[in-house]
Protein chains: 2
Amino acid sequence: MATIQEVAQKAGVSVATISRYLNNPAIVAKETREKVEQAIKTLNYEPSMLGRNLRKSESRLLIVLLPSISNPFYTEVINGIEDTAIEKGYNILLCQTDSKPEREEIYFNMMKNRLADGIISMDPTVDRAKLIEIAKNFPLVQCSEYDEEGIITYVTIDNELAAYHAVKHLIKIGHKKIAMINSGEKFLYARERKQGYLRALNESGIPFNPDWIFTTDNLEFDAGRQAMKSLLGKSEIPTAVFAVSDILAIGALKEINLKGLAVPDDIALVGFDKISFSNMTQPTLTTISQPMYQMGSMSVHMLINKINGKHTESIILDHELVIREST
Amino acid sequence: MATIQEVAQKAGVSVATISRYLNNPAIVAKETREKVEQAIKTLNYEPSMLGRNLRKSESRLLIVLLPSISNPFYTEVINGIEDTAIEKGYNILLCQTDSKPEREEIYFNMMKNRLADGIISMDPTVDRAKLIEIAKNFPLVQCSEYDEEGIITYVTIDNELAAYHAVKHLIKIGHKKIAMINSGEKFLYARERKQGYLRALNESGIPFNPDWIFTTDNLEFDAGRQAMKSLLGKSEIPTAVFAVSDILAIGALKEINLKGLAVPDDIALVGFDKISFSNMTQPTLTTISQPMYQMGSMSVHMLINKINGKHTESIILDHELVIREST
DNA sequence: AATACATGTGTAATCGATTACAAATCATCA
DNA sequence: TGATGATTTGTAATCGATTACACATGTATT
């Protein structure tokens, strides 16, 4: 691998000239430029990012923290992140924490070690205190999550309103017995969506039945099944279910089918996230669509602003209710 | 951010001593060590990877090339890659090509620019000639794909045998009219799986009906639906279908359901890959399980061997037929 | 006491780029 | 013609670490 020194020698100019050519070809004289181009071509030279990065003290790498890549909700967000990052000359390091603090630690250290220029955190389970500590010293934005105290810049949707819309839709098509499959209330979004659910019921004068709210301890398919199993075992069975994630809804759907009941005739079902699989089930799933690509794209813009020392405001984006066969 | 120089000054020793402490604390005297530890702590020092990387001319980053992260087949492979890489002190750069050559180019350049130490390619659509060219000059292994000429080191399964097993299973449970939903034969694995399908039929004396082989132009859900629609429109309708990917199979399942037919009673269905969603459908999908985690893990071991200049042999791993409700 | 060897530390070169500053060249114009 | 300013290039310091080599000290051996 040729270095800039060798190119300089071959072209009969100094390394400074080569560097100038690399960074702004226009400022080197036409004649010199041709010699440099010639030398680069014959030596098959490619500049080393290692040298450049050290000198500029930047890595042009962004860390994206997420619990797990297998959750399809994130894939579309990642597309937004990746496209925007590449457009801005950055690359992304996709980091799965599996909600394990020691994994988190590794990635926070990469930041401290200057192997990354900033962090986009999409992990709801990350330790809040540590995150705030990091955010004080390094560029960091939260995507689809946020900190109630508003110390950390974020981009997200209005979870309360989205849940409200979902439940309102169920009420509008005639349901009164509406259950909710929620994830642990340690998550802010879970608390907010529950508020939206309650507000919709309340507004329509439907009494709240605590029997019909089921809290799962994870977001997997099986948790959805268990939740539905429990709901189907209640003395009074709901006619509609709002699940806070599509995967949970798909688990519920499976359980409903197993019990010989039909969606939407016996039980209507609304999910959340509009993952691609929500369109592949039988029946297809009514769900809340988040502007995932846009969220990803925005968070990169915000992060790069932070890296460049500019101030950035948090943003709340719009969601959309997608009505399909399950309601 | 403190540098090694400042730490050295604070501790009253030379930078060499700090560096030695960082890389092998045992070789610095106990007394000095304590001074160094003290200085590091009070300055809150974290060594810069930029400096280290330049000096060692390595980045400790591995590029993982894949068509799209949204294909769940890859997520488990990635887990294997990530765990093993971290264990070996490397990090991974997940790179989606979307099968676009210009995206590929970006990532190959990162390699040339020394921003990555090696590449694991899982992209079947990547330009072969270019891949071989890269493999000649840089550490590269192929995972789940391979080059027929055997120039590039790879880890994969025996696709012909896996398809053979899948079709044999259908024959064993009484099917004679067996269709295949295949992806384009530009992919080596598609050609191989077709061979396995033909061998199984042939061995059981079942004549091959060209009407029953459908070639899709992509691997998406809708392609599966279209394929099944076509098969259901034939003059003679098959009683079993072998699809070369679970997503295609799930698309087919949707179409079968829409036509009011039942799986497995009217039509039996076998997929390929054992993605997590294959267990969430109604009915669950019989499929071929590839050792995805192991494939990922192996490919990292092989790549690191290559990076360290050691010779490495290609490997073919075992698959497994997972029989579930759809057959 | 002389020698050999192990242990611990410092000096300074090095990795491959960028860039401030100085210097050389050239054209322009009074 | 000489001053002025623009354009182009070179010199050398720099980013933050690692490491070969040299040197000083302590310990063991005869």
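None of the values given here were measured: they were computed from a predicted structure. Values reported hereafter were calculated over all heavy atoms of this structure, with side chains retained and with hydrogens, waters and symmetry mates removed. Each chain gets a letter, A, B and so on, in the order the sequences are listed, and its residues count up from 1.
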Review point. Are B:Tyr45 and D:dA17 close enough that a side-chain N or O sits under 4.0 Å from OP1 or OP2?
Key: yes
Item to check | side-chain N/O A:Ser48 vs C:dG16 OP1/OP2, d < 4.0 Å | outcome: no
| task | Mark yes or no for a side-chain to base donor-acceptor pair under 3.5 Å between A:Arg55 and D:dT14, with no hydrogen or angle criteria applied. | result | yes
- Task: Using a strict 4.0 Å threshold on nitrogen-to-oxygen distance, state whether A:Lys35 and A:Glu31 make a salt bridge.
- Result: no
note: B:Arg60, atom CZ; D:dA17, atom P; distance rounded to Å ~ 17 Å
- Message: Determine whether a donor-acceptor pair (one donor, one acceptor, N or O, separation below 3.5 Å) exists between the side chain of B:Arg33 and the base of C:dG8.
- Response: no
- Query: Contact class for A:Leu54 vs. all strands (heavy atom < 4.0 Å): base, sugar-phosphate, or nothing?
  - Reply: base
Which atom pairs, one a donor and one an acceptor, fall under 3.5 Å between side chains of residues 129-142 of chain A and the rest of the protein, sequence neighbours left out?
residue	atom	partner	partner atom	Å
A:Lys130	NZ	A:Glu105	OE1	2.9
A:Asn137	ND2	A:Glu133	O	3.1
A:Gln142	OE1	A:Asp147	N	3.2

Between CD of B:Glu58 and P of C:dC15 the distance, given in whole Å, is 16 Å
From CZ of B:Arg114 across to P of C:dA17 the rounded distance in Å is 6 Å
Item to complete: Would you indicate, yes or no, if C:dG16 has its OP1 or OP2 atom less than 4.0 angstrom from a side-chain nitrogen or oxygen of A:Arg52?
Response: no
Taken to the nearest whole Å, CD1/A:Ile4 to P/D:dG10 is 12 Å
Heavy-atom nearest nucleotide on DNA chain D taken for A:Ser14 and for B:Thr17; more 5' hit belongs to A:Ser14
Exercise for review: Compare side-chain N and O positions of A:Asn23 against OP1 and OP2 of C:dT18 and report whether any pair is under 4.0 Å apart.
Suggested key: yes
